[in-house]
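Naming: A, B, ... by sequence-line order, numbering from 1 per chain.
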Amino acid sequence: MTTSNTKAKDFIREIIDEDLKKDKYNGRVQTRFPPEPNGYLHIGHAKSICLNFGIANECQGLCNLRFDDTNPIKEEEEYVQSIKDDIQWLGFDWDNRLFFASDYFDQIYDYAIQLVKEGMAYVDDLQADEISNYRGTLIQPGKNSPYRERSIKENLELLKRMKAGEFADGEKVLRAKIDMTHPNLNMRDPIMYRILHTSHHRTKNEWYIYPMYDWAHGLEDSIEGITHSICTLEFENHRPLYDWFLEKLGVYQPQQIEFARLNITYTVMSKRMLLEIINKGIVSGWDDPRLPTLRGMRRRGYPPQAIRNFCRRIGVSKVNSMVDIEILEHCIRDELNKTAPRFMGVLNPLKVVITNYPIGKVEELEGINNPENPSAGTRKIPFSRILYIEKEDFMEEPPKKFYRLAPGREVRLRYAFFITCQKAIMKNNEVIELRCTIDPETHGGYAPDGRKVKSTIHWVSAPQALNAEIRLYNHLFTVPNPTGQNNVDLKEFINPQSLEILKKCKVEPMVQNLKPFSRFQFERKGYFCIDPDTTENNLIINQTIGLKDTWAKIKKK
RNA sequence: AGCCCUGUGGUGUAGUGGUUCAACAUUCUGGCCUUUGGAGCCAGCGACAGCGGUUCGAAUCCGCUCAGGGCUGCCA
């Protein structure tokens, strides 16, 4: 919101500004988001939602939610609800403007009658493969159907009988009479209606004919008084047809504007491929946290605000592009850094015994909930003789630049004490326990003598610790552009380490109070979120994203 | 091959003929700071697809070339 005024306008907002200046639609701006209810929404849709609803908000205009339900074979009610949920979760509101293309089936049919009466549409008996042959190719003109010159009377009669369900699927179609030699294939007598004896999720068995996208979409926009019909680049070649129908009908005409769809590295966006990954069991479902679906991202812990910021930041243009996933990840961290409460959690526990701390004593230390936001307050964290720290925070023989715990070395336990490692207990060549001492003078983590330690590590008190299962996620694919190579099975690029499950994690007791989908930070480890599959005695936590890790970078060198 | 669209640092965008013109974000490299090796702060690397033309002056206007994308569903 705050950046919208300062940020440069994209080409679509510029067009709209220009139209506003010229008073093209009486100062009105009305957009629409027109999903087909045949799948779940992903972040590519989010870009479109943010654009359409965003523009309406900025211009004191309106944005409709319209389900483009013209193909009953693929569409289901289930998707309608999920799409509505996802849009609301993203943070947008269509108010009372929820529409369906099927609301207009009667009107659209009347317009078809009008076109037939004016000799601009005809019923064709050609079969699907014949129509395809007659259409010609990219470089060869098509030829006229033998049924193209039927009388208006006969066309009217036939269309009525099509509507009445007198013909079988595929037996006839209604076509616009334009030009079979047109260089734009979409203009070679496009099909307006096909026969489908299929029940529709809303109109049930009322219709036997269903309008095609090109025929219906412009009319839907026109009927709703849309001013700017924003769609993706692949519809560019359809715009002449969009305009043709509305001009011939003499009805209100919105303008279609196309922009490039979103691609992100290391993931896929097409419905078909997402479905394939799900059906092959590579991921658990539409809400798998590794997927770019809105449901997946919600479960992963991505804040809607971060997704909106991302969509704003990547801009809008007509260039086919591939956005670096780092930008998305930056937006996620940026938002979570400001908003996520902090806790301590140990992913791979290493037991630590504080030999100079009394057996049975428990004291409470104060931790800051969010250093970025003082109003988030503080909390109590229990401390006792037995603790867990992160396995990787200790090294027997620390290399240069490793600042954490090592034999004889002193570091700080966050919010607690300075701790010195006295002894590492080994078993089968593996460190299984540490014997350490604390300096009681450093209560809270401050040294009265002003001495410094090189690092601060996180910890959890063993008796009070909660057990948790933590799921770590990585990129779903091993290559930046998995669909870029042809003739290769997508499965070859699936990252075998996209999911890593840690079962024996220990987290501080306050986490108990968090509800499913709550987002938070485990200090030094990253951002996390409570998985909805969490039960009374099985705490499941998803890692949203790790913190930037300078040490990991040094280690690599 | 026909039609349509698009070419600015690695990535995504800004720049719309002239002392704010090559900017911003991200990534990457250094440094500062730090009770998260987080965050923050500072600095640095890095681009106008090419060739002509118009002009006093071109990333910006024109032409050509090259490159990338889309279009031959009774899908949307």
Side-chain angles (χ1 to χ4, degrees), chain A residues 7-10 14 34-36 38 68 70-71 73-75 124 126-128 131-133 135-142 169-175 182-188 190-196 209-210 212-214 216-217 231-240 258 260 265 271 313-331 333-334 337-338 342 344 367-368 371-372 401-404 412-416 418 442 444-447 452-458 480 521-527 546-554:
Chain A
K7 185 161 159 83
K9 303 244 176 183
D10 53 70
E14 259 171 27
E36 183 188 13
N38 71 342
D68 207 358
T70 57
N71 185 355
I73 294 170
K74 303 199 299 184
E75 294 150 7
D124 196 345
L126 252 27
Q127 296 306 288
I131 286 182
S132 175
N133 290 145
R135 185 151 34 223
T137 68
L138 294 177
I139 49 166
Q140 287 171 319
D169 289 6
E171 207 177 320
K172 295 185 190 316
V173 290
L174 182 72
R175 294 230 249 169
H182 199 108
N184 181 344
L185 288 281
N186 295 127
M187 300 296 274
R188 320 244 258 230
I191 293 169
M192 295 163 61
Y193 275 108
R194 76 283 217 190
I195 298 170
L196 252 28
I209 58 173
Y210 290 92
M212 299 286 290
Y213 170 87
D214 284 315
H217 202 87
C231 62
T232 45
L233 248 30
E234 69 269 26
F235 293 104
E236 224 158 12
N237 292 329
H238 295 244
R239 182 162 17 102
E258 311 85 12
T265 56
K271 240 177 243 178
R313 212 180 262 240
I314 57 172
V316 180
S317 74
K318 300 192 73 157
V319 194
N320 287 294
S321 60
M322 175 77 75
V323 176
D324 219 316
I325 196 163
E326 311 260 12
I327 297 184
L328 208 210
E329 294 176 340
H330 172 264
C331 292
R333 288 194 183 99
D334 190 47
N337 177 48
K338 288 184 280 195
R342 267 125 250 224
M344 290 198 283
I368 293 166
E372 303 291 321
K401 289 194 175 171
F402 181 86
Y403 302 146
R404 284 110 98 149
R412 172 168 37 235
L413 292 176
R414 174 138 246 225
Y415 300 131
F418 282 14
T442 58
Y446 293 95
K452 302 277 187 201
V453 287
K454 286 286 262 185
S455 76
T456 299
I457 63 174
H458 61 280
Q521 182 192 104
F522 276 141
E523 296 215 25
R524 301 210 309 132
K525 294 311 293 182
Y527 298 99
L547 254 24
K548 290 228 272 183
D549 190 345
T550 310
W551 168 241
K553 233 178 248 175
I554 296 169

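Distance A:Glu14 CD to B:U60 P: 18 Å, rounded to the nearest Å. The separation between A:Asp334 atom CG and B:G38 atom P is 15 Å, rounded to whole Å. In this entry the distance linking OH of A:Tyr403 with C1' of B:U36 reads 15 Å, nearest Å. For the pair A:Asn237 CG and B:A76 P, the interatomic distance rounds to 17 Å; values are reported in whole Å. Atom-to-atom, CG of A:Leu547 to P of B:G40 comes out at 11 Å; the value is rounded to the nearest Å. The distance from atom CH2 of A:Trp551 to atom P of B:G37 is 12 Å, rounded to the nearest whole Å. Distance, A:Arg239 CZ to B:G70 P: 18 Å, rounded to whole Å. Between A:Ile139 atom CD1 and B:G2 atom P there is a gap of 9 Å when expressed in whole angstrom units.
A:Gln140 places no side-chain N or O within 3.5 Å of a backbone atom of A:Gly136 that could act as its donor or acceptor partner. A:Thr70 places no side-chain N or O within 3.5 Å of a backbone atom of A:Tyr213 that could act as its donor or acceptor partner. With hydrogens and angles ignored, the 3.5 Å screen pairs a side-chain donor or acceptor of A:Arg188 with a backbone N or O of A:His182. Not one N or O on the side chain of A:Asn237 forms a donor-acceptor pair closer than 3.5 Å with the backbone of A:Asn184. When atom types are taken as modelled, the side chain of A:Thr137 and the backbone of A:Ile139 share a donor-acceptor pair closer than 3.5 angstrom. No donor-acceptor pair closer than 3.5 Å links the side chain of A:Arg333 to the backbone N or O of A:Gly526.
One finds no side-chain N or O of A:Ser132 lying less than 4.0 angstrom from the OP1 or OP2 phosphate oxygen of B:U72. Taking 4.0 angstrom as the limit, A:Thr550 places a side-chain polar atom (N or O) nearer than this to OP1 or OP2 of B:G38. For B:U34, the OP1/OP2 oxygens have no side-chain nitrogen or oxygen of A:Thr456 closer than 4.0 Å.
For the C1' atom pair drawn from B:G7 and B:U65, the interatomic distance equals 13 Å after rounding to whole Å. Across B:G46 and B:U26, the matching C1' atoms stand 13 Å from one another, rounded to whole Å. Distance check on atom P: B:G12 versus B:G18 gives 28 Å, rounded to whole Å. Atom C1' of B:U16 sits at a distance of 6 Å from the matching atom of B:U60, rounded to the whole Å. B:G37 sits 30 Å from B:C45 when the P atoms are compared, rounded to a whole Å. For the C1' atom pair drawn from B:G68 and B:G50, the interatomic distance equals 15 Å after rounding to whole Å. Nucleotides B:U8 and B:A22 place their C1' atoms 9 Å apart, quoted to the nearest Å. For the C1' atom pair drawn from B:C61 and B:C48, the interatomic distance equals 16 Å after rounding to whole Å.
For A:Arg194, counting side-chain heavy atoms from C-beta on, the closest listed nucleotide (B:U13, B:A76, B:G37) is B:A76. Listed nucleotides: B:G37, B:U26, B:G69. Nearest to the side chain of A:Asp549: B:G37. Here B:G37 is the nucleotide among B:G37, B:U36, B:U6 with the atom lying nearest to any side-chain atom of A:Phe402. Nearest to the side-chain atoms of A:Leu138 among the listed nucleotides B:A76, B:U72, B:A39 stands B:U72.
Residue A:Ile554 is classed as a base contact, given a heavy-atom separation below 4.0 Å to a base. At a threshold of 4.0 angstrom between heavy atoms, the contacts of A:Phe522 with the nucleic acid are absent. Contact annotation for A:Ile191: base contact, defined as any heavy-atom pair under 4.0 Å involving a base atom. Contact annotation for A:Met212: backbone-only contact, meaning every heavy-atom pair under 4.0 Å involves sugar-phosphate atoms and none involves a base. Across all strands shown, A:Leu196 has no heavy atoms under 4.0 Å from either base or sugar-phosphate atoms. Within 4.0 Å of A:Gln140, counting heavy atoms only, lies no atom of the nucleic acid at all. Nucleic acid contact class of A:Ser321 (heavy atoms, under 4.0 Å, all strands): sugar-phosphate only. A:Tyr193 comes within 4.0 angstrom of no nucleic acid atom, judged by non-hydrogen atoms across all strands. Across all strands shown, A:Asp68 has heavy atoms under 4.0 Å from sugar-phosphate atoms exclusively, and none from any base. Residue-level contact check: A:Glu36 touches the backbone only, with heavy atoms under 4.0 Å from sugar-phosphate atoms and none from bases. Using a 4.0 Å heavy-atom criterion, one finds that A:Arg135 contacts the sugar-phosphate atoms exclusively. Backbone-only contact: A:Val319 has heavy atoms under 4.0 Å from sugar-phosphate atoms and none from a base. When heavy atoms are screened at a 4.0 angstrom cut-off, A:His182 is found touching no nucleic acid atom at all. A:Tyr210 comes within 4.0 angstrom of nothing in the nucleic acid, heavy atoms only.
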(message) Walk me through whether A:Leu233 and A:Asn320 qualify under side chain to side chain contact (heavy atoms under 4.5 Å, CB included).
(response) CA-CA 9 Å; A:Leu233 248 30; A:Asn320 287 294; 3.9 Å; yes

(request) List the steps, then state whether side chain to side chain contact (heavy atoms under 4.5 Å, CB included) holds for A:Ile195 with A:Tyr210. (result) CA-CA 7 Å; A:Ile195 298 170; A:Tyr210 290 92; over 6 Å; no

(request) Assess whether side chain to side chain contact (heavy atoms under 4.5 Å, CB included) is satisfied between A:Asn38 and A:Asn71, documenting all intermediate values. (result) CA-CA 9 Å; A:Asn38 71 342; A:Asn71 185 355; over 6 Å; no

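As the counterpart of B:U13, B:A23 is assigned, both hydrogen-bonding distances of the Watson-Crick or G-U wobble pattern falling under 3.5 Å. In this entry B:C66 has B:G7 as its Watson-Crick or G-U wobble partner, both defining distances falling under 3.5 Å. For B:C61, the paired nucleotide is B:G53, the pair qualifying as Watson-Crick or G-U wobble because both relevant distances are below 3.5 Å. B:G30 and B:C42 make up a base pair, with Watson-Crick or G-U wobble contacts both under 3.5 Å.
Along RNA chain B, the nucleotide nearest A:Thr137 and the nucleotide nearest A:Pro35 are compared for position; the residue whose nucleotide lies closer to the 5' end is A:Thr137. The 5' end of RNA chain B is approached more closely, in terms of each residue's nearest nucleotide, by A:Met322 than by the other of A:Phe235 and A:Met322.
Between the side chain of A:Arg404 and the base of B:G37, a donor-acceptor pair under 3.5 Å is found. Counting atom types as modelled, A:Arg313 pairs no side-chain N or O with a base atom of B:U13 as donor and acceptor under 3.5 Å.
Going from atom NE2 of A:His458 over to atom OH of A:Tyr415 covers 13.0 Å, rounded to the nearest 0.5 Å. We find the CD1-CD distance between A:Ile368 and A:Glu523 to be 8.5 Å, quoted to the nearest 0.5 Å.
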(request) Quick one, give me the B/S/- string for nucleotides 27-32 of chain B, reading 5' to 3', where B means a protein heavy atom under 4.0 Å from the base and S means that only happens at the primed atoms, P, OP1 or OP2. (result) SSSS--

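Screening A:Arg414, A:Arg404, A:Arg412 for a side-chain hydrogen bond (donor to acceptor under 3.5 Å, both in side chains) with A:Thr456, the sole residue that qualifies is A:Arg412.
Here B:G10 is in the anti range [glycosidic angle more than 90° from 0].
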